[in-house]
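Step one of this worksheet: look at the structure below.
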Amino acid sequence: MYSYIKGILTDMEEDLVVVEAGGIGYNIYTTGQTFRLLPAIGHEVKLYTYLNVREDAMILYGFLTKDDLRVFRLLIGVNGIGPKGALAILSVMTTDDLRFAVLGDDAKAIAKAPGIGAKTAQRVILELKDKLSLEDAIEQRFEHAATEVEADAKNIRTEAVQALVALGYSSSEALKAVNGVELPEDADVEYLLKAALKNMAFL
């Protein structure tokens with residue numbers, strides 16, 4: 001029904017986020033790994049979604065990448081694992097970590113997820129081994145690393161803007177100054193603040 005939902009991240013709770021799109025706030029359940037990479041509240045986010053329809057509820061699950069959604073679908077296809085179990089697994093390990101665990105017969109790593117016992121972990125390995133490849137694992141590890149770097153940069157910029165606003169600058173001035181700074185790989189909030197304040201002198 002929904003391929004993805006793109007809108008403003010308006011709230012975060014223990015195991016779900018609220019994304020406002022078209023005047024509607026969607027409750028979307030997600031993983032701990034996804035939470036780590038989300039932008040700050042008030043920023044735009046795009047989540048690839050899976051709609052689980054039950055007799056008593058319709059529940060949305062969302063992920064930052066199509067690959068995360070694909071692996072989630074594979075997990076709920078495993079006998080004995082529902083959406084909650086799949087979320088539990090993907091909260092303690094990334095999709096590429098899961099690939100390495102499945103391909104390396106590492107049931108202990110999978111069993112670290114809450115509610116997932118040794119037998120269920122072995123079943124995951126048995127049923128997914130022919131559906132996951134080492135090439136995909138290596139490729140996705142690089143893609144996820146790039147996503148984490150991008151998310152860290154967004155978080156640093158958000159903190160810097162908030163700090164400048166607290167110092168008395170307007171939101172537009174702060175945003176313009178912060179966005180005008182090129183961030184080296186090892187940059188932190190202090191570096192960005194100093195560079196942004198220099199930019200302020202020329203605004």
Side-chain angles (χ1 to χ4, degrees), residues 1-53 57-76 83-99 113 136 139-166 170-172 174-183 185 187-189 192-193 196:
M1 184 176 180
Y2 301 108
S3 178
Y4 63 82
I5 293 177
K6 184 177 182 180
I8 302 300
L9 182 64
T10 60
D11 197 10
M12 295 184 190
E13 298 182 19
E14 184 177 351
D15 55 356
L16 66 83
V17 298
V18 180
V19 178
E20 182 179 338
I24 300 172
Y26 294 91
N27 285 342
I28 304 175
Y29 288 83
T30 190
T31 69
Q33 298 292 336
T34 300
F35 266 103
R36 269 196 327 118
L37 300 175
L38 287 171
I41 289 176
H43 287 66
E44 187 176 74
V45 67
K46 179 179 181 180
L47 294 176
Y48 295 93
T49 55
Y50 173 82
L51 179 62
N52 183 44
V53 180
M58 294 172 64
I59 303 173
L60 274 172
Y61 298 89
F63 308 90
L64 285 171
T65 69
K66 288 182 179 179
D67 180 64
D68 287 350
L69 175 59
R70 173 178 171 268
V71 174
F72 174 79
R73 286 177 177 274
L74 288 175
L75 280 170
I76 62 176
K84 285 187 177 180
L87 280 190
I89 292 172
L90 294 179
S91 286
V92 299
M93 61 200 320
T94 64
T95 51
D96 45 343
D97 287 336
L98 176 62
R99 282 188 175 91
D136 283 344
E139 180 182 339
Q140 292 303 326
R141 175 149 288 187
F142 281 119
E143 287 190 11
H144 284 155
T147 301
E148 289 190 20
V149 169
E150 184 179 342
D152 287 342
K154 283 183 179 178
N155 290 335
I156 289 173
R157 290 187 187 278
T158 300
E159 288 183 36
V161 169
Q162 291 171 345
L164 289 171
V165 170
S170 70
S171 296
S172 58
L175 193 59
K176 185 176 180 181
V178 167
N179 286 341
V181 177
E182 289 190 15
L183 288 180
E185 288 185 8
D188 55 13
V189 176
L192 181 52
L193 270 175

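The shown structure was predicted, so the numbers you read here are calculated from the model rather than taken from an experiment. These values consider heavy atoms only, across backbone and side chains, with no hydrogens, waters or symmetry-generated copies.
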Any side-chain heavy-atom pair of Met58 and Leu51 under 4.5 Å: yes
task: Please list, chain by chain and in numerical order, all residues satisfying ring pair (Phe, Tyr, Trp, His ring centres under 6.0 Å) with Phe63, sequence neighbours excluded.
output: Phe72
message: As a quick check of understanding, evaluate side chain to side chain contact (heavy atoms under 4.5 Å, CB included) for Val71 and Arg99, giving each step before the final call.
response: CA-CA 9 Å; Val71 174; Arg99 282 188 175 91; 3.9 Å; yes
For the student: nearest non-hydrogen atoms of [X] and [Y], plus distance:
| X | Y | answer |
| --- | --- | --- |
| Lys46 | Leu64 | O-CD2, 3.8 Å |
| Ala196 | Ala177 | O-CB, 3.7 Å |
| Pro39 | Glu44 | CG-O, 3.7 Å |

Residues forming a side-chain contact (heavy atoms from CB on, under 4.5 Å) with Ala160, sequence neighbours excluded: Val178, Leu192, Leu193
query: For Ala166, which residues count as a side-chain contact (heavy atoms from CB on, under 4.5 Å) partner, sequence neighbours excluded?
result: none
query: Just by distance, with hydrogens left out, do Asp67 and Thr65 show a side-chain donor and acceptor under 3.5 Å apart?
result: no
[X] [atom1] to [Y] [atom2] distance, which is reported to the nearest 0.5 Å:
| X | Y | atom1 | atom2 | result |
| --- | --- | --- | --- | --- |
| Leu87 | Ile76 | CG | CD1 | 9.5 Å |
| Ile89 | Gln33 | CD1 | CD | 12.5 Å |
| Lys84 | Asn52 | NZ | CG | 10.5 Å |
| Ile28 | Leu60 | CD1 | CG | 5.5 Å |

- prompt: Leu69 and Leu47: side chain to side chain contact (heavy atoms under 4.5 Å, CB included), yes or no, with the steps?
  reply: CA-CA 9 Å; Leu69 175 59; Leu47 294 176; over 6 Å; no
Taking distance alone, no hydrogens or angles, what donor-acceptor pairs closer than 3.5 Å link side-chain atoms of residues 4-24 to residues at least two apart or in another chain?
| residue | atom | partner | partner atom | Å |
| --- | --- | --- | --- | --- |
| Thr10 | OG1 | Val18 | O | 3.2 |

- prompt: With sequence neighbours excluded, what pairs up with Thr34 under the side-chain hydrogen bond (donor to acceptor under 3.5 Å, both in side chains) test?
  reply: Thr30, Thr31
query: In terms of ring plane angle, is the pair Tyr61 and Tyr50 parallel, tilted or perpendicular, where the classes change at 30° and 60°?
result: tilted
